[in-house]
Amino acid sequence: MILIYYAVINIVLFAAMGIDKSKAVHNKWRIPEANLFKLAFFGGGAGGFLGMLAFRHKTKKPKFYFIFTLALLLHGCLLINYYKLFDFIIKMS
């Protein structure tokens with residue numbers, strides 16, 4: 001279930017990066033950067049990086065690299081600890 005969550009949140013941020021790029025090209029209303037950062041911290045850091053590369057969007061803004069990297073590290077640590085705890089509980093049963 002948790003892997004499905006991460007897949008969905010990464011797809012959502014990837015799509016948001018594409019939508020924001022399209023809106024930027026057409027001078028339309030943009031997705032606020034804060035919303036993109038929130039999606040990253042909810043677990044979408046990888047989707048954000050892939051969106052940056054695929055759409056060549058926000059690549060000149062160091063804060064995006066920093067936030068997406070921080071989000072990836074945070075959720076990587078959370079996943080590792082989650083599975084260690086799960087493994088510990090299974091061994092104790």
Side-chain angles (χ1 to χ4, degrees):
M1 194 69 171
I2 196 162
L3 295 178
I4 292 171
Y5 168 78
Y6 278 108
V8 169
I9 196 72
N10 279 286
I11 290 168
V12 168
L13 183 50
F14 179 84
M17 293 292 285
I19 291 166
D20 192 50
K21 174 66 177 197
S22 175
K23 290 185 179 272
V25 169
H26 295 98
N27 289 323
K28 292 187 177 181
W29 172 85
R30 305 277 305 277
I31 298 172
E33 289 182 354
N35 291 352
L36 298 173
F37 293 152
K38 287 174 192 172
L39 287 169
F41 276 107
F42 283 126
F49 270 121
L50 291 174
M52 285 175 71
L53 297 173
F55 304 114
R56 294 187 206 148
H57 189 48
K58 305 286 189 186
T59 57
K60 294 181 180 177
K61 293 193 170 191
K63 66 182 171 183
F64 276 84
Y65 289 100
F66 178 76
I67 296 293
F68 290 165
T69 300
L70 190 62
L72 273 170
L73 291 172
L74 171 70
H75 283 277
C77 290
L78 288 173
L79 277 173
I80 289 168
N81 286 319
Y82 173 79
Y83 283 108
K84 282 183 180 179
L85 177 63
F86 184 74
D87 188 46
F88 175 75
I89 291 170
I90 296 294
K91 288 180 181 176
M92 294 300 291
S93 314

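- The hydrophobic cluster around Met92 extends to Phe88, counting ILVMFWY residues whose side-chain heavy atoms fall within less than 4.5 Å of a member.
- Note that the CG atom of Asp87 and the OH atom of Tyr82 stand 12.0 Å from one another [nearest 0.5 Å].
- Residues passing the side-chain contact (heavy atoms from CB on, under 4.5 Å) test with Lys60: none are found, sequence neighbours excluded.
- If you chain together hydrophobic residues whose side chains sit under 4.5 Å apart, Phe55 and Leu53 never meet in one group.
- Between Gly45 and Ala71 the shortest heavy-atom distance is CA-CB, 4.4 Å.
- Legend: residues meeting side-chain contact (heavy atoms from CB on, under 4.5 Å) with Pro32, ordered by chain and number and at least two apart, are Trp29, Asn35.
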Which pairs would a plain distance check flag for residues 4-22, meaning a side-chain donor or acceptor within less than 3.5 Å of a matching protein atom at least two apart in sequence or in another chain?
from	atom 1	to	atom 2	distance (Å)
Tyr5	OH	Phe42	O	2.5
Tyr6	OH	His75	ND1	2.7
Asn10	OD1	Ala46	N	3.2
Asn10	OD1	Gly47	N	2.6
Asn10	ND2	Tyr6	O	2.7
Asn10	ND2	Gly43	O	3.1
Asp20	OD1	Arg30	NE	3.0
Asp20	OD1	Ile31	N	2.9
Asp20	OD2	Arg30	NH2	3.1
Asp20	OD2	His57	NE2	2.7
Lys21	NZ	Arg56	O	3.3

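- For the atom pair CD1 of Ile90 and CG of Leu85, the computed distance is 10.0 Å after rounding to the nearest 0.5 Å.
- Every side-chain contact (heavy atoms from CB on, under 4.5 Å) that Tyr83 has, sequence neighbours left out, goes to Ile2, Leu3, Leu79.
- Counting only residues at least two apart or on different chains, the salt bridge (charged side-chain N to carboxylate O under 4.0 Å, His left out) pairs with a member in residues 33-49 are Glu33-Lys58, Glu33-Lys61, Glu33-Lys63.
- Hydrophobic clustering (side-chain heavy atoms under 4.5 Å, transitive across Ile, Leu, Val, Met, Phe, Trp, Tyr) keeps Leu78 apart from Ile80.
- Between the CZ atom of Phe66 and the OG1 atom of Thr69 there is a distance of 8.5 Å, given to the nearest 0.5 Å.
- Centroid-to-centroid, the aromatic rings of Phe64 and Phe49 stay 6.0 Å apart or farther.
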